[in-house]
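All chains are named by letter (A, B, ...) in the order of the sequence lines, taking the proteins before the strands, and each is independently numbered beginning at 1. We use all heavy atoms of the structure for the numbers below, so side chains are in, but hydrogens, waters and symmetry mates are not.
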Amino acid sequence: MKKRSFAEQVYNLTSQVPKGKVTTYGAIAKKLRRPQASRAVGRILGANPHPIVVPCHRVVKSDGGLGGYTSPRGIRMKIELLTGEGVEIGDGKIDLSRFLFRDFAL
DNA sequence: AGCGCGGCTTTTC
DNA sequence: CGAAAAGCCGCGC
């Protein structure tokens, strides 16, 4: 259980984000020792083969944007989910200063 | 503020 | 099996 692929670690960190908090693609990439793989993280989360254990909607862009969301409802559902968990979104942006979760168990 | 480019992994043919 | 394309970003100018 050590040679987990990059994707496995991405899902692992994302699943660690508690309700009411969010993380960023760049942050995850950095945690995995690949600060420039932010895009890869997005692709992986987009392919999210674990939609139940991996709340990819809790992952936003490094600038506070919501990013995208591959879902039947699209980015729309992502906003609804975050707001429903307690994350306040101002003008389509999130206050990372208040909701950015950075206590990952890496 | 907006645009374009770069670097990474995964998936599919 | 090998190669190619794509993708929910990040940063700089």
Problem set entry | Distance (rounded to the nearest 0.5 Å) between A/Ser71 OG and A/Arg76 CZ | 12.5 Å
For this session: Determine which pairs satisfy salt bridge (Lys or Arg N to Asp or Glu O under 4.0 Å) with at least one residue from residues 48-58 of chain A, sequence neighbours left out, and list them in order.
Result: A/Arg58-A/Glu85
For this session: May I ask you to list the residues of residues 68-98 of chain A, by number, that have any heavy atom positioned under 4.0 Å from an atom of DNA chain B?
Result: none
Exercise. Once you round to the nearest 0.5 Å, how far does CG of A/Asn48 lie from CZ of A/Arg43?
Worked result: 12.5 Å
For this session: Taking only the side-chain nitrogens and oxygens of A/Thr24, find out if one of them lies under 4.0 Å from OP1 or OP2 of C/dC9.
Result: no
Exercise. What residues join A/Leu96 in its hydrophobic cluster, counting side-chain heavy atom gaps under 4.5 Å, either direct or through other members?
Worked result: A/Val22, A/Val60, A/Leu66, A/Tyr69, A/Ile75, A/Met77, A/Ile79, A/Leu81, A/Leu82, A/Val87, A/Ile89, A/Ile94, A/Phe99, A/Leu100
For this session: Report the distance from atom CD1 of A/Ile28 to atom P of C/dG7, rounded to the nearest whole Å.
Result: 20 Å
Exercise. Counting just side-chain N and O atoms, does A/Ser62 come under 4.0 Å of either OP1 or OP2 of C/dC9?
Worked result: no
For this session: Just do the side-chain contact (heavy atoms from CB on, under 4.5 Å) check on A/Thr24 and A/Ile28 with the steps written out, would you?
Result: CA-CA 6 Å; A/Thr24 71; A/Ile28 293 172; over 6 Å; no
Problem set entry | Nearest-angstrom distance from the residue atom CG of A/Asn48 to C1' of C/dG7 | 14 Å
Problem set entry | Structure string for DNA chain C in dot-bracket form, Watson-Crick and G-U at under 3.5 Å, | interchain | .||||||.|||||
Exercise. Less than 4.5 Å apart, any side-chain heavy atom of A/Leu13 and any of A/Thr23?
Worked result: no
For this session: Measure the spacing between CD of A/Gln9 and CD1 of A/Ile44 and express it to the nearest 0.5 Å.
Result: 9.5 Å
For this session: Hey, could you give me the NZ/CD distance between A/Lys21 and A/Gln16, rounded to the nearest 0.5 Å?
Result: 14.0 Å
Exercise. Within the structure shown, what part of the strands sits under 4.0 Å from A/Gly26 by heavy-atom distance: base, sugar-phosphate, or nothing?
Worked result: sugar-phosphate
Exercise. Rounded to the nearest 0.5 Å, how far apart are NZ of A/Lys30 and OG of A/Ser62?
Worked result: 8.0 Å
Every protein N/O lying under 3.5 Å from an N/O of nucleotides 3-6 of chain B:
residue, atom, partner, partner atom, Å
B/dG6, O6, A/Arg39, NH1, 2.7

For this session: Nearest whole angstrom, please: distance from the P of C/dC9 to the CG of A/Leu66.
Result: 11 Å
Problem set entry | Criterion side-chain contact (heavy atoms from CB on, under 4.5 Å) on A/Val17 and A/Val59, from CA distance to verdict | CA-CA 9 Å; A/Val17 181; A/Val59 186; 5.7 Å; no
Exercise. Does the pair A/Tyr11 and A/Val53 meet the rule for a side-chain contact (heavy atoms from CB on, under 4.5 Å), with working shown?
Worked result: CA-CA 8 Å; A/Tyr11 304 131; A/Val53 290; over 6 Å; no
For this session: Compare every heavy atom of A/Ala29 with every heavy atom of A/Ala37, then report the nearest pair and how far apart it is.
Result: C-CB, 3.9 Å
Seminar exercise, completed: Closest non-hydrogen atoms of A/Pro35 and A/Arg33, given as atom of the first, atom of the second and distance, are CD-C, 3.5 Å
Atom pairs, N/O to N/O, protein against nucleotides 9-13 of chain B, distance under 3.5 Å?
residue, atom, partner, partner atom, Å
B/dT10, OP1, A/Phe6, N, 3.4
B/dT10, OP1, A/Ala7, N, 3.2

